[in-house]
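The block underneath contains the structure these notes are about, expressed in structure tokens.
A quick note: this is a predicted structure, and the numbers were derived from the prediction, not measured. Both counts, for ligands and for their atoms, begin at 1 and track the order of listing.
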Amino acid sequence: DKGGWSSFMAKEVSEQPDAVANTLRGRIVDGVVVIPELAEFGDEALARIRRIVIIACGTAAYAGQVAKYAIEKWAKVPVDVELSHEFRYRDPVIENDTLVVSISQSGETMDTLMAVKYAREAGAVAISICNTQGATIPRESNAVIYTHAGPEVAVASTKAFVAQIAALYLFALHLARVRGTLGSAELLEHTAELQAIPEKIATTLLQGDAVRQLATWMTDSRAVLFLGRHVGFPIALEGALKLKELAYIHAEGFAAGELKHGPIALIEPGQPVFVVVPSPRGSAHLHPKVVSNIQEIRARGARVIVIAEQGDAAVLPFADTVIHIPLAAPLFEPLLAVVPLQLFAMELATAKGLDVDQPRNLAKSVTVE
Ligand code: BG6
């Protein structure tokens with residue numbers, strides 16, 4: 001039931017505040033993250049972990065890429081993020097102090113399932129982040145942290161993605177506490193930031209009309225580029241994936257720092273480029289670098305659409321369109337910045353008369369390798 005929405009995707013995008021709130025519910029007690037699902041490991045075992053390998057496919061892999069920044073910063077454990085099918089078939093080094101974290105909305109993606117089985121046979125402990133109760137991947141794992149996004153029907157993942165990041169951030173904060181890598185004041189601060197996210201996503205969703213207008217003049221675009229830096233990089237990749245999946249437009253995401261190492265050659269007059277801009281307050285060292293990237297592409301005629309923090313005046317002179325997101329600490333910006341990119345892909349596909357829930361050639365759950 002679409003509940004009055006034009007598509008399941010429109011409904012699911014709108015449900016993102018609840019997807020995050022429900023994933024946090026019961027897991028924060030007096031401002032402290034508590035994950036009973038991890039109790040069986042014991043805190044000492046989690047404290048001994050030397051390396052984390054995150055395995056997933058598609059949008060779930062981008063959630064993993066976002067979480068890498070938070071886990072390394074907060075819990076000080078090295079994190080590799082790998083596509084399940086690449087991990088499984090390259091003889092990866094797995095040791096018994098390696099923790100494998102799989103991410104899967106369906107819990108049935110065959111590539112990820114095979115990678116989890118492989119890792120466990122090689123002696124790793126496996127935790128599953130999953131949105132589907134009792135699915136195969138959680139059953140094959142040592143423990144599961146369920147996301148509570150509710151059933152996701154549209155093929156393109158949206159609310160599951162933000163719920164995955166929320167669950168991974170809970171995990172990162174839990175890990176930081178048991179490993180003693182963050183003090184209690186910092187733990188409380190980050191946990192409070194996480195709890196504020198549902199309301200900020202709701203505010204971001206109010207940009208829907210601005211995004212729809214943008215989509216209407218872009219229906220003839222042949223290619224769209226997405227730039228992002230730090231946690232904005234996986235969001236650029238996700239924005240590009242959504243556009244490919246839904247609107248069948250060639251789209252590529254790049255790390256903004258790579259611009260001068262190649263992608264800038266693609267910039268010609270009229271080329272649309274989305275830029276996810278880090279906060280000028282929270283990322284004072286990165287913000288000017290990304291603004292300078294914007295100037296470089298603008299000087300070559302790019303049509304620049306900027307996703308920037310409310311009040312970021314530095315981007316205004318160089319942007320053709322600015323989409324604002326609420327203020328958040330840098331690691332939390334992905335949960336907001338992804339929303340206009342999801343909406344954009346959905347609106348552009350809709351403007352082209354395409355089926356946003358069932359894009360051609362794609363399946364919601366890929367149960368073959
Ligand atoms: C793809 C879906 O086939 O599988 C994507 O189209 C999804 O939306 C990916 O991100 C991974 O699926 P899952 O269920 O393992 O998260």
Side-chain angles (χ1 to χ4, degrees), residues 7-13 15-16 19 23 53-67 81-88 100-119 126-141 144-168 171 234-248 251 253 334-335 338-339 341-346 349 354-369:
S7 62
F8 280 106
M9 185 179 177
K11 173 172 177 272
E12 289 160 9
V13 165
E15 287 169 346
Q16 293 185 107
T23 298
V53 179
I54 295 180
I55 47 178
C57 298
T59 291
Y62 296 142
Q65 285 195 28
V66 170
V81 185
E82 285 215 52
L83 297 168
S84 314
H85 35 88
E86 286 296 320
F87 172 79
R88 164 71 183 82
V100 167
V101 178
S102 71
I103 311 169
S104 175
Q105 188 286 128
S106 62
E108 301 296 345
T109 298
M110 185 60 77
D111 287 317
T112 303
L113 174 61
M114 295 306 282
V116 169
K117 283 187 173 174
Y118 178 86
I127 294 179
S128 151
I129 308 286
C130 183
N131 196 47
T132 311
Q133 294 282 332
T136 311
I137 294 172
R139 281 192 276 115
E140 292 290 336
S141 303
V144 51
I145 304 173
Y146 281 110
T147 48
H148 296 296
E152 194 178 64
V153 177
V155 165
S157 183
T158 55
K159 65 176 180 173
F161 176 73
V162 291
Q164 284 159 353
I165 296 175
L168 288 158
F171 170 68
I235 295 307
L237 298 174
E238 170 63 3
L241 177 62
K242 281 283 157 292
L243 198 58
K244 288 181 243 196
E245 288 180 312
L246 296 168
Y248 316 149
L335 290 154
V338 73
V339 173
L341 301 182
Q342 298 165 336
L343 288 168
F344 175 71
M346 183 180 84
L354 301 172
D355 181 344
V356 297
D357 288 338
Q358 288 285 347
R360 68 185 180 201
N361 308 340
L362 295 176
K364 180 69 183 155
S365 176
V366 182
T367 53
V368 291
E369 268 195 274

Counting from 1, what ligand 1 atoms have a heavy atom of Gln105 closer than 4.0 Å? 13 (P), 14 (O), 15 (O), 16 (O)
For residues 148-158, which side-chain N or O atoms pair as donor and acceptor with protein atoms under 3.5 Å away, sequence neighbours left out?
unit_1	atom_1	unit_2	atom_2	d
Glu152	OE1	Ser157	OG	3.2
Glu152	OE1	Lys364	NZ	2.6
Glu152	OE2	Thr158	N	2.8
Glu152	OE2	Lys159	N	3.2
Glu152	OE2	Ala160	N	3.0

Nearest-neighbour protein heavy atom for atom 14 (O) of ligand 1, which is reported as residue plus atom name and distance: Ser106 OG, 2.6 Å
Near Val366, which atoms of ligand 1 are under 4.0 Å from a heavy atom of that residue? 3 (O)
Consider only side-chain N and O atoms of Thr147 and Gln164, and report whether a donor and an acceptor are under 3.5 Å apart. no
Give the numbers and elements of all ligand 1 atoms closer than 4.0 Å to a heavy atom of Ser157. 8 (O)
Quick check: closest heavy atoms across Ile103 and Thr112, and the distance to 0.1 Å? O-CG2, 4.4 Å
Check Asp111 against Cys57 and note the closest heavy-atom contact, atom names and distance. CB-SG, 3.8 Å
List in chain and number order the residues that pass ring pair (Phe, Tyr, Trp, His ring centres under 6.0 Å) with Phe344, two or more places apart in sequence or in another chain; answer none if no residue qualifies. Phe274
Heavy-atom pairs closer than 4.0 Å: do any link ligand 1 to the side chain of Val155, the backbone, both, or neither? both
Is the backbone of Ala56 close enough, under 3.5 Å, to the side chain of Ser84 for a donor and an acceptor to pair up by distance? yes
Among all protein non-hydrogen atoms, which one is nearest to atom 10 (O) of ligand 1, and what is the separation to 0.1 Å? Thr59 N, 3.1 Å
What residue and atom, counting heavy atoms only, is the protein's closest point to atom 4 (O) of ligand 1, and at what distance? Lys364 O, 4.4 Å
What atoms of ligand 1 come closer than 4.0 angstrom to any heavy atom of Ser104? 13 (P), 14 (O), 15 (O), 16 (O)
Thr112 near ligand 1, heavy-atom distance under 4.0 Å? no
Heavy atom of the protein closest to atom 6 (O) of ligand 1 (residue, atom name, distance): Ala363 O, 3.5 Å
Contact atoms of ligand 1, heavy-atom distance to Cys57 under 4.0 Å: 9 (C), 10 (O), 11 (C)
Side-chain (Tyr248) to main-chain (Arg360) donor-acceptor, under 3.5 angstrom: yes
Checking a contact table here: which protein heavy atom is nearest atom 12 (O) of ligand 1, and how many Å away? Thr109 OG1, 3.4 Å
Closest non-hydrogen atom pair between Ala135 and Tyr146, with its separation: N-OH, 4.5 Å
